[in-house]
Amino acid sequence: MPRPLEEVVGYRFKDAALLKQAMSHKSFASESGSGVYNERLEFLGDSILAAVVAHELYVGYPGEAEGNLSKKKSLLVSRPSLAEWGEELGLGAYLYLGVGEESTGGRTRQSLVANAVEALIGAIYLDGGYERAAEFIRSWYGRKHGSLLETDHKSRLQEILQKRYKSPPAYELTASTGPDHDKNFSILVRIGERELGRGAGKSKKEAEQAAACDALTRIDGVEE
C-alpha cells in the first residue's frame, strides 16, 4: 500500500474532501454518481502554478527579457514537466478512475497525472491559502530549475545558430567509456564542419548540455 498522499505531499488537509476531489477523474464521478471530479480544481491550480513560477522567475532573473522568461515558464509548467512531477509523487496510485479509464492505463497516462498535479495545487490553495500552495510549488521549482538551466544551454545555442547560420547544431558522440552501470559519454557539437564545443557526462543528454555550454562560452560576446 502506498503512503498516505498527505505524507507524500507534505500537507495535511483540513477538508479531506478537497483532496479526494483533486484525485477524482471525470470517469470515476460518472460511474460512481458522485458528480464530483477535478477539472475545476485543475483550472484553479493552473493559474496558481503560473503565478508562483512567474514570480520565482521574475525575482531570480532580474535582467532577463520577457521573451526568455516566458520560455522558461512554458518549460516549467508544460505537461511533460507536470507529468514528471506527478510521477515523482506517485500520484497515479492515488487517482480515482472509472473502470474503462483504469483498464486502458489511466494511472500512467501523462495527461491525467499532469492534470492531477494542477488539481492538487488548486485543492491546497483552497484548503490552506496561497502561501501553502506556493510552498508546495516552490519545492518542485527548486528541483526542476536546475535541469531547466541545463536545458537552456542547448536551447540558447540553437537560438543563436539559427539566427546566424539558419541551421541547428549537430551533436556527435566521440567516446563512450566505462562499464554499463557507470558510463561516461563524450560529445562534440559542431555546425557544418566547424567544431563549437565539447562536453562529457554520465548520460548523452548531460554530455550534450555540457558541450552546448562549452560552445556558448566560446561564442559569448561574438557580435551577432
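Fair warning: this is a prediction, and the values are worked out from it, not measured in the lab.
E56 and K73 are not joined by a salt bridge, as no carboxylate oxygen comes within less than 4.0 angstrom of a charged side-chain nitrogen. Between R132 and E135 there is a salt bridge, since at least one side-chain N of the basic residue sits less than 4.0 Å from a carboxylate O of the acidic one.
Counting non-hydrogen atoms of other residues, nucleotides and ligands closer than 6.0 Å to OH of Y130 gives a total above 12.
Screening Q162, K163, R156 for a side chain to side chain donor-acceptor pair (under 3.5 Å) with E159, the sole residue that qualifies is R156.
Considering only residues two or more places apart in sequence or on other chains, Y96 meets the ring-ring contact (aromatic ring centres under 6.0 Å, His included) condition with F28. Annotation: side-chain hydrogen bond (donor to acceptor under 3.5 Å, both in side chains) contacts of E66 (sequence neighbours excluded): S70. Scored by the ring-ring contact (aromatic ring centres under 6.0 Å, His included) test, Y171 finds no partners at all (sequence neighbours excluded). Legend: residues meeting side-chain contact (heavy atoms from CB on, under 4.5 Å) with E118, ordered by chain and number and at least two apart, are E42, D46, L82, N115.
Remark: side-chain polar atoms of E6 are paired, donor with acceptor, to backbone N or O of F13 under 3.5 angstrom. Between the side chain of T108 and the main chain of G105, a donor-acceptor pair closer than 3.5 Å is present. Put simply, the side chain of S30 never gets that close to the backbone of S27: no donor and acceptor are under 3.5 Å apart. Of the possible polar contacts, one joining the D127 side chain to the D15 backbone as a donor-acceptor pair under 3.5 Å is found.
The CG atom of L196 sits 9.5 Å away from the CZ atom of R190 when rounded to the nearest 0.5 Å.
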Working note: D214 + V189, criterion side-chain contact (heavy atoms from CB on, under 4.5 Å); need CA distance, chi angles, decisive distance, verdict.
CA-CA 9 Å; D214 182 44; V189 60; over 6 Å; no
Report the C-alpha distance between V52 and I121 in whole Å, list the side-chain angles of each, state the deciding distance to 0.1 Å, and finish with yes or no for side-chain contact (heavy atoms from CB on, under 4.5 Å).
CA-CA 11 Å; V52 173; I121 292 168; over 6 Å; no
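Note on residues 99-116: pairs passing salt bridge (charged side-chain N to carboxylate O under 4.0 Å, His left out), not counting sequence neighbours, are E101-R109, E102-R107. A salt bridge (charged side-chain N to carboxylate O under 4.0 Å, His left out) check over residues 16-39, counting only residues at least two apart or in different chains, returns nothing.
Hydrophobic clustering (side-chain heavy atoms under 4.5 Å, transitive across Ile, Leu, Val, Met, Phe, Trp, Tyr) groups L49 together with L44.
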